[in-house]
A.B. asks: 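Please find one structure pasted underneath; my questions will follow.
Chain letters run A, B, ... following the sequence lines, proteins first, then strands; residues in each count from 1. Computation of the quantities below employed the complete heavy-atom set of this structure, encompassing side-chain atoms and omitting hydrogens, waters and symmetry-equivalent molecules. Computed from a predicted structure; not experimentally measured.
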Protein chains: 2
Amino acid sequence: MGDSRKAVMGRPRGFDIDQALERAMRVFWARGYEGASLAELTGAMGITKTSMYAAFGNKEQLFCKALQRYGAGPAAYATRALEEPTARAVALAFLRGAVCTTTPPDGPSGCLTVQGALAASDESRAVHDLLVDWRNDAGVRLEERFRRAVDEGDLPRSADPRRLARFVMTMGFGIAVQAANGLGPAELDEIVDTALLGWPA
Amino acid sequence: MGDSRKAVMGRPRGFDIDQALERAMRVFWARGYEGASLAELTGAMGITKTSMYAAFGNKEQLFCKALQRYGAGPAAYATRALEEPTARAVALAFLRGAVCTTTPPDGPSGCLTVQGALAASDESRAVHDLLVDWRNDAGVRLEERFRRAVDEGDLPRSADPRRLARFVMTMGFGIAVQAANGLGPAELDEIVDTALLGWPA
DNA sequence: TTGGTTCAGTACCGATCGGTGCAGAACGGT
DNA sequence: ACCGTTCTGCACCGATCGGTACTGAACCAA
């Protein structure tokens, strides 16, 4: 009843919906939410506006789907990093992952969640808020991981997990801006090393 | 000949051009370049589109003027910080200034040069490039200051001025994103302290 | 073959985008 | 008083914005 085994009725879709979403994600990544026009999006997706609306609903929902795909794909490093054995290794993996994702050889520089809608006009406030939550969630997960590290004795009792998480997130955001500004992975990795010099023993 | 003593001929301007520019700057600050529409800009400036075009040329030149005002006003901390006696004091003043400017009690959160146009569509590439240069210039000035610090023995010979400058800039950009994300000055100051824990002796 | 259902393409919607043409108002110089 | 100059306000420009109505085309079940 209403599950996903909907019988394939009617005319079949004439394009690969996954590939279309991937391409839309890259356009949003490069242009931001407001900067990506329907014309450019559908052009890159290789479909017409009508097909896009039928498949995704509207521009906002398309962005939402693209954001989910971003989280599961290019930004998966943020989740993987949490599995590192020590807090320092988590921070290092997180930031190295950020560098890697924001400086891809074949894609747009920077981070979709930062380029997406840092500043936005009123009509796209929904997307703006969505991205604020997304970015905050990443920080909260880091904070919880660091809190566990304190419990496990991996971090000294004097360490403040929330503060450390915010610091790492700040570096991640900064890396995204620097990548958009033209810095390459080698230079950004140097910055990561510098940032972790003061990491609590 | 052709100097600034142009005789005040014709109908006098009916508004304060400085105040209008200030208000335009705040709109760009909050909305970004593309997100700020002519209607919202002129509405905040209290003038009509015609007056705006007569006084500033077009939207791009208005943004350019607003950016100059931003550099001389809210972002003047970046230049003032260079005058601090030690490299560490420079970095601290720079980042504290960034926190202060990106979390004003009466203005938009974040940094105009970051919100302005991280991602942009083709037509506003000129503004995008302008901001890239602006951000890079700030880094170069920090780098030169840190190089001087090495020469003066203020920083150890092993320190890499460019790397330190890039690290501080990265933190500054990250602070701007965190401010736009809702963090307040107290929390951001904590982050600054954390960032400087590893500063070379 | 027929009907129900879904997708694709064209042509179009009202609204808004950045930007202007034009007439008149407000000034200094003569 | 009159002129040249500059600023203002209104109406308007073509282009583009996100989004849709409508006509067929392409499929399945009966």
A.B. asks: Kindly point out which of C/dA8, D/dG18, C/dG19 is positioned nearest to the side chain of A/T48?
C.D. replies: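 Output: C/dA8.
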A.B. asks: Can you check the B/E34 CD to C/dG18 C1' distance for me, whole Å?
C.D. replies: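 Checked: the CD to C1' distance equals 12 Å.
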A.B. asks: Between P on C/dA8 and CD1 on A/I17, what's the gap in Å once rounded to a whole number?
C.D. replies: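 Going from A/I17 (CD1) to C/dA8 (P), I get 10 Å.
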A.B. asks: Nearest-Å distance, NZ (A/K59) to C1' (D/dG19)?
C.D. replies: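 About 12 Å, once rounded to whole Å.
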A.B. asks: Distance check needed: C/dC17 P versus A/D122 CG, whole Å only.
C.D. replies: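 Atom-to-atom, A/D122 to C/dC17, this comes out as 11 Å.
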A.B. asks: What's the CG-P distance between B/D16 and D/dC7, to the nearest Å?
C.D. replies: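 Result: 15 Å.
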A.B. asks: Which residue lies toward the 5' end of DNA chain C, A/M52 or B/G10, if each is placed at its nearest nucleotide?
C.D. replies: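 Mapping each residue to its closest nucleotide by heavy atoms, the 5'-most match is A/M52.
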A.B. asks: In whole angstrom, what separates A/R13's CZ from D/dA25's P?
C.D. replies: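 Atom CZ in A/R13 sits about 21 Å away from atom P in D/dA25.
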A.B. asks: Is the terminal nitrogen or CZ of B/R13 (NZ for Lys, CZ for Arg) located under 6.0 angstrom from the six-membered ring centre of B/F15 and within 45° of that ring's axis?
C.D. replies: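 The answer is yes, since B/R13 meets both limits relative to B/F15.
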A.B. asks: Any idea which of C/dG28, D/dT8, C/dG18 is nearest the B/F15 side chain?
C.D. replies: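 Selected nucleotide (nearest to the side chain): D/dT8.
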A.B. asks: What is the separation between atom CZ on B/F56 and atom P on C/dG18, rounded to the nearest whole Å?
C.D. replies: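 Rounding to the nearest Å, CZ of B/F56 and P of C/dG18 are 16 Å apart.
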A.B. asks: Send over the distance from A/E40 CD to D/dC17 C1', rounded to a whole Å.
C.D. replies: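 Going from A/E40 (CD) to D/dC17 (C1'), I get 14 Å.
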A.B. asks: Donor-acceptor pair under 3.5 Å: do we get one between A/K49's side chain and the base of D/dG19?
C.D. replies: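 A donor-acceptor contact between them is present.
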A.B. asks: Do A/T101 side-chain atoms and A/A98 backbone N/O form a donor-acceptor pair below 3.5 Å?
C.D. replies: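 Checking the backbone N and O of A/A98 against the side chain of A/T101, no donor-acceptor pair under 3.5 Å is found.
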A.B. asks: Report yes or no: is there a donor-acceptor pair, N or O only, under 3.5 Å between the side chain of A/T50 and the base of C/dT10?
C.D. replies: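 Under the 3.5 Å cut-off, the side chain and the base do form a donor-acceptor pair.
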A.B. asks: Both A/A54 and B/P12 contact DNA chain C. Which one's nearest nucleotide lies toward the 5' end?
C.D. replies: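 Result of the comparison: A/A54.
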A.B. asks: Restricting to non-hydrogen atoms, name the atom on A/F56 and the atom on A/M45 that form the minimum distance, rounded to 0.1 Å.
C.D. replies: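 Shortest heavy-atom contact: CE1-CE, 3.6 Å.
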A.B. asks: With a 4.5 Å limit on heavy-atom distance, are the side chains of A/K59 and A/L62 in contact?
C.D. replies: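 No, side chains not in contact.
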A.B. asks: Under 4.0 Å between a side-chain N/O of B/S37 and OP1 or OP2 of C/dC17, yes or no?
C.D. replies: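 Yes, because at least one side-chain N or O of B/S37 sits under 4.0 Å from OP1 or OP2 of C/dC17.
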A.B. asks: Going by atom types only, do A/R31 and B/S121 share a side-chain donor-acceptor pair under 3.5 Å?
C.D. replies: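 There is no such pair (donor and acceptor under 3.5 Å, judged by atom type) between the side chains of A/R31 and B/S121.
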A.B. asks: Between D/dG18, D/dT5, C/dT5, which nucleotide gets closest to the side-chain atoms of A/L38?
C.D. replies: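 Ranking D/dG18, D/dT5, C/dT5 by closest atom to the A/L38 side chain puts D/dG18 first.
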A.B. asks: Quick check on D/dT8: is either OP1 or OP2 less than 4.0 Å from any side-chain nitrogen or oxygen of B/R11?
C.D. replies: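 So the side-chain polar atoms of B/R11 never come under 4.0 Å of the phosphate oxygens OP1 or OP2 of D/dT8.
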